[in-house]
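Quick notes on the structure that follows.
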There are 2 protein chains.
Amino acid sequence: MTIAEPTVETAGRDRILDEAASLFLKQGYEAASVRRIAEAVGMQAASIYHHFNSKEDLLEVILHRGLEVMTVAFDDASTATLGAPGRERLAAHIRAHLAALYENGPYTATHVTTFRTAPENVRTTIVPQRDAYEALWTTLLNDLLTSGVLTPDTAVGPARLMLLGGMNASVEWFDPQRGSLDDLAHLITRQTLYGLSNPLKN
Amino acid sequence: MTIAEPTVETAGRDRILDEAASLFLKQGYEAASVRRIAEAVGMQAASIYHHFNSKEDLLEVILHRGLEVMTVAFDDASTATLGAPGRERLAAHIRAHLAALYENGPYTATHVTTFRTAPENVRTTIVPQRDAYEALWTTLLNDLLTSGVLTPDTAVGPARLMLLGGMNASVEWFDPQRGSLDDLAHLITRQTLYGLSNPLKN
DNA sequence: GTCTATACCACGATAGAC
DNA sequence: GTCTATCGTGGTATAGAC
């Protein structure tokens, strides 16, 4: 075999990122030590520093990747529902955000749970990409408002914060091993659009 | 003055709890050191250990107090709306939970943000009280379902998780200094009951 | 009840061999 | 690219004077 093996050159690096993100998600950034991360990967703590300059650097890469997963999912949902009715477009984007949280590694869930208390310089670096993701949602909701899908008196800003907050909060209780992601997406879409009130008693 | 001064004997202790809860809220439990907490109080780190056995002990007391604040607020809302219509009762309890988060010290907000990654033995100690608070909400929502305020096909379990999750997630963006708590409560109540959908286009 | 002094340990990170 | 060995720091916590 003289043909080069199709090895992914970042395999070792990605392995570290996977384990680190999982531990940051479960224990929090400060509580997860570099030694413990290295143990999970199966190497010595010092070896981590061949791939990353610092523990903060590790977190920064993970937070960026979490946002990248969300953003790609959002864009995919957008192209997949280009001419579709407003309610379907919203449903697809909700489903996409939840898929980012539960189906593409721990990066997005880790982002969502660790960003608020991350070291300030790390947060500062992440903010622009984060603003860009939120702007995507603002644009989507504004479109739905303009096209009459949402009530005219909808405050788009708070609505976006509530919707994203509610989805992200599901990491506290939703277990993708036990529940169906489609069911969760359907539930959130329905509750967001129509609420819990009994329409017969309005 | 031979009459005893009405001093609160736990003032020093409460002072420590206040500063510790604030720092746990802002930086997370692990990142906030005992030395830093002591500095905020204006004493030496060693003095903290006259009032608490350990840093974990400090966290445990704070988490318990956070739940106590929530529970008292819930019960007050219950007695205040005893004979009231279902929608008003729901509105009052939503407002009460948000008041616990933003108006009675940092305890409830700290509980909500640090419980998930708290050391396991601490979490275990807290769980029963936490379950009791969630049971209060389950009972309330079941009442509203039985009395026809909520759609008959409402899944009370997920509805409770979504509602509490959405309210708790507001700690990431709501600033009680800048926004009105009544407005927030009204917004969440309205969105929970009726959703964002334009009723004219249903 | 608060202080000074300090024990002891785990942390992030580096040096340098292989 | 991973290892062993180690450095320096800051962490929780304790001892004992005042």
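Naming convention: chains lettered A, B, ... in sequence-line order (proteins, then strands); numbering from 1 in each chain.
For A:Glu134, the salt bridge (Lys or Arg N to Asp or Glu O under 4.0 Å) partners two or more places apart in sequence, or in a different chain, are A:Arg160. Evaluation of the salt bridge (Lys or Arg N to Asp or Glu O under 4.0 Å) rule for A:Asp182 yields A:Arg95 as partners, not counting sequence neighbours.
Defined by atom type and a distance below 3.5 Å, a donor-acceptor pair is present between the side-chain atoms of A:Ser170 and A:Tyr102. In this structure, a donor-acceptor pair under 3.5 Å is absent between the side chains of B:Tyr133 and B:His111. Using modelled atom types and a 3.5 Å distance limit, the side chains of A:Thr110 and A:Arg65 yield no donor-acceptor pair.
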I'd like to compare against my own output: the B/S/- annotation of nucleotides 4-9 of chain C with a strict under-4.0 Å heavy-atom distance to protein. BB----

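A cation-pi contact links B:Lys55 to B:Tyr29, judged by a cut-off of 6.0 Å to the six-membered ring centre and 45° from its axis.
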I'd like a table of donor-acceptor pairs (distance under 3.5 Å, sequence neighbours excluded) in which one partner is a side-chain atom from residues 115-122 of chain B, with atom names and distances.
from	atom 1	to	atom 2	distance (Å)
B:Arg116	NH1	A:Leu25	O	2.8
B:Arg116	NH2	A:Leu25	O	3.2
B:Asn121	ND2	B:Glu56	OE1	2.8

Output side-chain donor-acceptor pairs under 3.5 Å for residues 42-52 of chain B, partner residues at least two apart or in another chain, one line each.
none

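Across residues 49-65 of chain A, A:Tyr49, A:Ser54, A:Lys55 each have a non-hydrogen atom less than 4.0 Å from an atom of DNA chain C (numbered order).
Counting to the nearest Å, the P atom of C:dC11 and the CG atom of A:Leu23 are 12 Å from each other. If you measure from atom CD of A:Glu30 to atom P of C:dA10, you get 18 Å, rounded to the nearest angstrom. Here the P atom of nucleotide C:dT14 and the CD1 atom of A:Ile48 are 14 Å apart, to the nearest Å. Atom CD in B:Glu39 sits about 16 Å away from atom P in C:dT2, given to the nearest Å.
OP1 or OP2 of D:dG11 has at least one side-chain nitrogen or oxygen of B:Ser33 nearer than 4.0 Å.
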